[in-house]
Amino acid sequence: SMGYGHCKLGEVAMVQGQTNQAFQEFDVALDMLRRAGDHLHETETLRAQADCYVLTGELSTALDVYEQAMALAQTHQVPRMEVRARYGMALAHALESAFITAIDHAQLAVDHASTVGSPLLRVNAQSILIVLRALGVEDTRTHEPDPVEPGDDAGTMPRAHMMKALARTAQLLSTGRANEAAKALQLLNAGEDDLPSATVWFETQILHRLIRQHLSTEKAVETLDPSAALKVSTSGFQIGDNPWVDLSRKELLCRFLCLLVDARIQTPDQSLELDALIEKLWPGERMLRDAGATRVYTAVANLRRAGLRG
């Protein structure tokens, strides 16, 4: 249909970096598809529009549009688009450093992809989950995306290999091998122009961005003087004369840091008990102890990523 044609034009504009043009095409497509009652392509267009919002940094809007796409996919039984919207949400949450939520969405995407029958979709979802687990400091060494067999998705095999290579790069990061990860990412960047520009271009772009951010943070942390004085407030911290780290949009991390500082001052010879930390950070919330522990360890990892060590 003509409406779907405008969707594809929007995707081309997005890949070329012309996001304003892309949004215009998506708006035209959605208007035409809704009037035609074409729910399949409306779902795909909403998903593409949400991707574009992620690329422009409008993450809250992106999450809202992904929710619309997923609800429409569920209503009209379009499981592939539901999976695709689900792991788009995972990537958007990861860009906000909300790795617990991101990993939850990615795991759901993997579970749903296994029932759809698309090998490439399954590898995409698995690779995204591995990257998010690695950057969220979970052990990913025993995980590997399933092999993709030639078939309906054979034409997009290079992209599947790219996704798996990104997952392996993140695994290097998670085991402290930042230099090897940087070299691997450099090689991936060099070969990217040879890959087809459709299918999972967006996913590889965002995974690249997340890994680059992690690498740059690791490099910045290495330059800090660990003996420098730590200044803490309810909105962030500063180590010595280094730049102020703003945590005002990360309320949980602020509370966590203040709890650690208070405990250090009041009971310097005692460590905080895990159960007490869980109760103070998520008061009254019912959860399994392992789930609470994962949340705490992720918060620790995010503070370290922000520049705290020791």
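Fair warning: this is a prediction, and the values are worked out from it, not measured in the lab.
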> Is the shortest heavy-atom distance from the side chain of Leu63 to the side chain of His93 under 4.5 Å?
Replying inline: yes

> Under the side chain to side chain contact (heavy atoms under 4.5 Å, CB included) criterion, do Gln21 and Gln16 qualify, and how do the steps go?
Replying inline: CA-CA 10 Å; Gln21 180 64 33; Gln16 294 175 344; over 6 Å; no

> Any donor-acceptor pair under 3.5 Å linking the side chain of Thr56 with the backbone of Tyr53?
Replying inline: yes

> If you round to the nearest 0.5 Å, how far is SG of Cys7 from CE of Met2?
Replying inline: 14.0 Å

> Just checking, is any N or O donor in the side chain of Gln68 or Asp64 under 3.5 Å from an acceptor N or O on the other one?
Replying inline: no

> Hey, what do you get for CD1 (Ile100) to NE2 (His105), rounding to the nearest 0.5 Å?
Replying inline: 12.5 Å

>> Apply side chain to side chain contact (heavy atoms under 4.5 Å, CB included) to residues Val28 and Leu9 and explain how you reach the verdict.
In response: CA-CA 11 Å; Val28 172; Leu9 288 172; over 6 Å; no

>> Quick one, Leu281 and Arg295 - any side-chain contact, counting heavy atoms below 4.5 Å?
In response: no

>> Membership question, hydrophobic clusters at under 4.5 Å side-chain separation (ILVMFWY): are Val131 and Met89 in the same one?
In response: yes

>> Using 0.5 Å steps for rounding, measure from the CE atom of Met81 to the CG atom of Leu121.
In response: 8.0 Å

>> With salt bridge (Lys or Arg N to Asp or Glu O under 4.0 Å) as the criterion, how do Glu44 and Lys8 come out once you've worked through the C-alpha distance, each side chain's angles and the decisive distance to 0.1 Å?
In response: CA-CA 10 Å; Glu44 185 170 346; Lys8 303 314 288 183; 3.7 Å; yes

>> Between the side chains of Asp51 and Arg84, is the shortest nitrogen-to-carboxylate-oxygen separation below 4.0 Å, so that they form an ion pair?
In response: yes

> For the hydrophobic clusters of this structure (ILVMFWY residues joined by side-chain heavy atoms under 4.5 Å, transitively), does one cluster hold both Leu33 and Leu72?
Replying inline: no

>> Please evaluate residues Tyr66 and Leu91 with respect to the criterion side chain to side chain contact (heavy atoms under 4.5 Å, CB included), reporting the C-alpha separation (whole Å), side-chain torsions for both, the decisive distance (0.1 Å), and the verdict.
In response: CA-CA 11 Å; Tyr66 280 132; Leu91 294 172; over 6 Å; no

>> For Leu274 and Ile278: C-alpha separation, side-chain torsions, deciding distance, then whether side chain to side chain contact (heavy atoms under 4.5 Å, CB included) applies.
In response: CA-CA 6 Å; Leu274 177 61; Ile278 294 171; 4.0 Å; yes

> For the residue pair Ala106 and Leu132, what are the closest heavy atoms and their distance?
Replying inline: CB-CD1, 4.0 Å

>> Under a 4.0 Å threshold between the charged nitrogen and the carboxylate oxygen, would Arg47 count as salt-bridged to Glu11?
In response: yes

>> For a quick test of reading the model, state the closest non-hydrogen atom pair linking Val83 to Ala109 and the distance between them.
In response: CG1-O, 3.7 Å

>> Measuring only between side-chain heavy atoms, which start at C-beta, is Met14 closer than 4.5 Å to Leu55?
In response: yes

>> Let me confirm one number: the CG-OG1 distance from Asp38 to Thr43, rounded to the nearest 0.5 Å.
In response: 8.5 Å

> If Ile, Leu, Val, Met, Phe, Trp and Tyr residues are connected whenever their side-chain heavy atoms lie under 4.5 Å apart, and connections chain through other members, are Val300 and Leu252 in the same group?
Replying inline: yes

>> Return the OG1 to CD distance between Thr19 and Gln24, rounded to the nearest 0.5 Å.
In response: 10.0 Å

>> Consider side chain to side chain donor-acceptor pair (under 3.5 Å). Of Arg133, His112, Gln126, which one does Gln107 pass it with?
In response: Arg133

> Do Leu129 and Tyr87 come within less than 4.5 Å of each other through their side chains, counting heavy atoms only?
Replying inline: no

>> Could you measure the distance from the CZ atom of Phe237 to the CG atom of Asp246? Nearest 0.5 Å is fine.
In response: 10.5 Å

> Would you say Phe26 and Met70 are hydrophobically clustered, going by side-chain heavy atoms of ILVMFWY under 4.5 Å?
Replying inline: no

>> With clusters defined by side-chain heavy atoms of hydrophobic residues (ILVMFWY) lying less than 4.5 Å apart, directly or transitively, does Met32 cluster with Tyr4?
In response: no

>> Would you say that Asp27 contacts Gln49 through its side chain, given a criterion of any heavy-atom pair below 4.5 Å between the two side chains?
In response: yes

